[in-house]
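Below you'll find the structure, written out as structure tokens, and then a few comments.
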Amino acid sequence: MVSAGLPDEFPGGLPPRHGQIQHGDMGEVEPPKDQQFPVKWYRSTLFNITIVGLCSFSCPGIWSAMNSLGAGGAASPNLINAANAITFCLMVVSSWLSSALMYYVGVKGALVFGCIGFAPFAAGLYTNNRFNNSWLVLLGAALCGISAGVFWAAEASIAIAYPEPWNRGKALGYWLSFKLFGQMLGGAINLGLNAQNDEAGQVSYTVFLVFIAIQAAGPFLVFLLNSPDRVQRRDGKRVDLSITKNPWEEIKATTRLFFTKKFLLLLLWIGNAVFSESVFFTYLAMWFSVRARALGSLMSGIVPVIGGNILGWWLDRNRISLKVRSRVAFWTLVVIQGAWWTWATVNVTRFSKWKEEGGPVTFDWTTPGFGEAFGVFVFLAMGFQLNYLFLYFIVHNIAENDEEIIRYAALIRGTESAWEALSYGLESLTLFAETGGVYMSFAIWAVAIYPAWHLLRHFGVHRPLVGDESYPASIERVDEKGVISSGTSSGDEAGNEKTVKA
């Protein structure tokens, strides 16, 4: 029974899966092996998530590897931050239009299109690093923005919709790990080439030749992916990510979904999740030597992989109620991020003061105080990964059908892009890059907490997702007046339901 009436903005109730089931979300618990459907390994959800992960490794993963060098490996972060701002501005538009594109080419074709634009940006960084020209950096950033918004929406839709319910959290952690594997590879290559460089400066241009080759392979990896109708799940359910409305109707449906209160409550939390990326990578570029930046590139892959997979494991503990899982995860993220932003605020304030006093501030791993300065970067990188994974957990629990998954994925990616465009644009300003980015990130974290909590506090209270209603125990439904109806998810044998006042 719910202790209070439900807010007006959720007249139909949120769909997360927990009502009167006392021992967890039984519909999402893995059944015994003899009750699971046989699948061919090359049609399985694990195979398909692996392919999506490899695409993520070769395209956004290597993009992140370049970014994790600090400002794309350049000596000065200003040009690269401006280029990234262009990328994310265009991604706002391409993400918003991605579901309409999927109407014509499907989710697999959209993923191919999404891979195409990454390599030109890497080529631009190479020419800037070696020949000091900037035009290809800006052109590559534009091409990357046009394709990457579609890529991100398509891969997110696949990662959310393909896995079985009892594997979804682990699958999200597994998929997002591949992006970080790219970051780790880039860091390892860069560290090997620059291990003797203990000064500030730019990264060896040889690194970018490897990155270009890996990103050029991305579109070809997509052809190994199964289209949704060919995927075989162990629960026997078919995956349907088809778009049935015409493109203009799809664009209007996506736009309407943006203005729902459920999504508007997420806006600040999305900002809290992604605004920080340019902030902590600019922090790395401004205050650390080349080899320390290379070490940061490596560690910002390893530590988030560990943290993200632990969070995915927790979110899949379906014998623990959804209410408990979502609240524990949310408040853990809130508390640890608050601590990390406090730490970062103290650091940049102190570093800026030292710089004003005329002293050089470049930390190498042999410099006293390196651990205190470097540690917060690693933790902020892990926080980015944890928030990212948690956002997809939220999308799974608010989307009411497969078409909404595609639209929410597009909206999440577009909104992320808008926040990151703002972030990278501001970080291209020297004063803001030194201290303002950390201060603003701290403020966004603070103001994002209540709206996100206002949404998440209803998880585990309302009805299950539409189309996923085969629960063996009773659930709660909420009507427009806040009255909870208790019965089996498909109705009891007599078709009766018992109503209880909220």
Side-chain angles (χ1 to χ4, degrees), residues 67-71 76-78 81 198-200 268-269 271-300 302-304 306-307 330-388 419-420 422-450 452:
N67 218 35
S68 67
L69 303 180
S76 171
N78 293 348
N81 283 337
D198 60 355
E199 299 177 353
L268 287 172
W269 189 259
N272 170 62
V274 302
F275 186 89
S276 63
E277 183 179 41
S278 72
V279 175
F280 58 73
F281 281 132
T282 300
Y283 172 88
L284 183 68
M286 292 204 67
W287 306 113
F288 294 89
S289 67
V290 168
R291 67 180 182 181
R293 286 160 63 180
L295 178 63
S297 176
L298 180 62
M299 296 304 297
S300 64
I302 294 173
V303 176
I306 296 170
F330 175 74
W331 286 112
T332 299
L333 287 175
V334 167
V335 171
I336 60 178
Q337 280 193 290
W340 295 337
W341 285 121
T342 301
W343 182 359
T345 298
V346 171
N347 278 3
V348 297
T349 302
R350 188 168 65 232
F351 300 164
S352 180
K353 184 177 179 181
W354 291 346
K355 188 174 180 179
E356 289 175 1
E357 293 173 351
V361 185
T362 300
F363 286 93
D364 184 59
W365 59 55
T366 60
T367 306
F370 172 77
E372 181 182 354
F374 186 78
V376 70
F377 163 78
V378 176
F379 285 122
L380 288 173
M382 182 172 71
F384 181 87
Q385 176 78 349
L386 297 178
N387 277 304
Y388 228 54
W419 277 107
E420 295 210 56
L422 175 64
S423 177
Y424 278 105
L426 291 173
E427 286 292 309
S428 66
L429 306 174
T430 301
L431 180 61
F432 194 89
E434 287 184 1
T435 57
V438 170
Y439 298 162
M440 188 168 177
S441 295
F442 202 171
I444 292 172
W445 164 83
V447 299
I449 295 170
Y450 177 74

* Trace of the side chain to side chain contact (heavy atoms under 4.5 Å, CB included) decision for Lys355 with Met286 -> CA-CA 11 Å; Lys355 188 174 180 179; Met286 292 204 67; 4.3 Å; yes

* To do: Go through the steps to decide whether Leu422 and Met440 satisfy the test side chain to side chain contact (heavy atoms under 4.5 Å, CB included), and finish with yes or no.
  => CA-CA 11 Å; Leu422 175 64; Met440 188 168 177; 4.3 Å; yes

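Atoms CD1 and CD1, on Ile444 and Ile449 in that order, are 12.5 Å from each other to the nearest 0.5 Å. In this structure, Thr282 OG1 and Phe432 CZ are separated by 10.0 Å, a value rounded to the nearest 0.5 Å. How far OG1 of Thr362 is from CZ of Arg293: 10.0 Å, rounded to the nearest 0.5 Å. Atoms OG and CG, from Ser352 and Asn347 in turn, are 12.0 Å apart once rounded to the nearest 0.5 Å. Rounded to the nearest 0.5 Å, atoms OG (Ser300) and CZ (Phe280) are 7.5 Å apart. Atom CH2 of Trp365 is separated from atom OG1 of Thr367 by 11.0 Å, given to the nearest 0.5 angstrom.
Using a 4.5 Å cut-off on side-chain heavy atoms (C-beta onward), Arg291 and Thr366 make contact. Phe288 is not listed as a side-chain neighbour of Asp364, based on a closest heavy-atom distance of 4.5 Å or more. Considering only heavy atoms from C-beta on, Phe275 stays 4.5 Å or farther from Glu420 through its side chain. With a 4.5 Å cut-off on side-chain heavy atoms, Ser441 and Trp341 count as touching. When side chains are defined from C-beta on, Asn387 counts as touching Asn272, because their heavy atoms get closer than 4.5 Å.
For Trp419, there are no ring-ring contact (aromatic ring centres under 6.0 Å, His included) partners at least two apart in sequence or on another chain. In terms of the side chain to side chain contact (heavy atoms under 4.5 Å, CB included) criterion, residue partners of Thr342 (sequence neighbours excluded) are, by chain and number, Phe442. Partners of Ser423 according to the side-chain hydrogen bond (donor to acceptor under 3.5 Å, both in side chains) rule, which considers only residues two or more places apart in sequence or in another chain, are Ser278.
Among pairs with a residue in residues 436-450, none fulfils salt bridge (charged side-chain N to carboxylate O under 4.0 Å, His left out), at least two apart in sequence or across chains. Residue pairs meeting the salt bridge (charged side-chain N to carboxylate O under 4.0 Å, His left out) criterion with at least one member in residues 343-352, sequence neighbours excluded: Arg350-Glu372.
Formation of a donor-acceptor pair under 3.5 Å by the Trp445 side chain with backbone atoms of Val334 is found in this model.
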Output side-chain donor-acceptor pairs under 3.5 Å for residues 373-386, partner residues at least two apart or in another chain, one line each.
none

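The distance between the ring centers of Trp287 and Phe351 falls below 6.0 angstrom. In this structure, Phe330 has its ring center under 6.0 Å from that of Trp269.
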